[in-house]
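Encoded as structure tokens, the structure appears first; notes follow it.
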Amino acid sequence: MEPSTLGVRIRSLREERQWTLSHLARLAGIDRSTLGKVERGDYRGTPPWYVRKLARAFGIATDVLHAMDMAEEDIIDQQRHSKSARLRD
């Protein structure tokens, strides 16, 4: 399964801080194996409380983490649209 943009963003933020998966899980008070599944895209439908804990651990607002996720999804959608438009031309 391909990672969700939220999972990719979580991993990116974690790696930017040079944190291990275990360290982030400990800071957020969440299960390390579940966090790994979220990052890899093996766990869909991440609950809001889970995202709040991660945002708190990163020191950012939950809506900022979601906005980052939405911005990446918008970029991916735009790229897909552009590619399909070029293929039709």
Side-chain angles (χ1 to χ4, degrees):
M1 188 177 288
E2 189 173 318
S4 68
T5 54
L6 180 61
V8 169
R9 188 63 190 152
I10 290 167
R11 177 175 284 178
S12 176
L13 288 168
R14 178 177 62 78
E15 290 177 346
E16 283 174 14
R17 289 162 173 77
Q18 298 181 340
W19 292 350
T20 64
L21 201 61
S22 295
H23 181 73
L24 176 55
R26 206 171 26 259
L27 284 175
I30 55 179
D31 181 67
R32 187 194 59 77
S33 65
T34 304
L35 177 57
K37 289 176 184 177
V38 170
E39 283 190 359
R40 288 189 308 274
D42 295 338
Y43 185 91
R44 296 290 182 178
T46 308
W49 63 265
Y50 196 90
V51 176
R52 280 193 300 273
K53 285 184 166 203
L54 287 168
R56 232 177 280 131
F58 285 126
I60 60 176
T62 304
D63 57 343
V64 172
L65 187 56
H66 278 296
M68 291 172 175
D69 185 38
M70 293 304 294
E72 288 180 20
E73 286 181 4
D74 289 344
I75 290 168
I76 291 167
D77 287 344
Q78 287 173 354
Q79 289 172 341
R80 285 183 188 144
H81 180 71
S82 293
K83 187 175 183 178
S84 65
R86 284 193 308 268
L87 292 174
R88 286 192 303 258
D89 291 340

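Computed from a prediction, not measured in an experiment: that's the story for all the values here.
- Taking both residues in full, the closest heavy atoms of Leu24 and Phe58 are given as CD2-CZ, 3.6 Å, listed atom of the first, atom of the second, then distance.
- Note that CZ of Arg11 is 9.0 Å distant from CG of Leu35, once rounded to the nearest 0.5 Å.
- When atom types are taken as modelled, the side chain of Tyr43 and the backbone of Gly36 share no donor-acceptor pair closer than 3.5 angstrom.
- Closest non-hydrogen pair, Thr34 versus Tyr50, comes out as C-OH, 3.5 Å.
- For CZ of Arg32, the number of neighbouring non-hydrogen atoms (other residues, nucleotides, ligands) closer than 6.0 Å is 12 at most.
- Distance CZ/Arg9 to CG/Leu54: 13.0 Å, rounded to 0.5 Å.
- The minimum heavy-atom distance between Asp31 and Ala25, with the atom names listed, is C-CB, 4.3 Å.
- For CD of Gln18, the number of neighbouring non-hydrogen atoms (other residues, nucleotides, ligands) closer than 6.0 Å is 12 at most.
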### Task
Dump the intermediate steps for side-chain contact (heavy atoms from CB on, under 4.5 Å) on Ile60 and Leu13, then the final yes or no.
CA-CA 11 Å; Ile60 60 176; Leu13 288 168; 4.1 Å; yes

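- Contact record, Arg14 with Leu21: NH1-N, 3.5 Å, taken as the closest heavy-atom pair.
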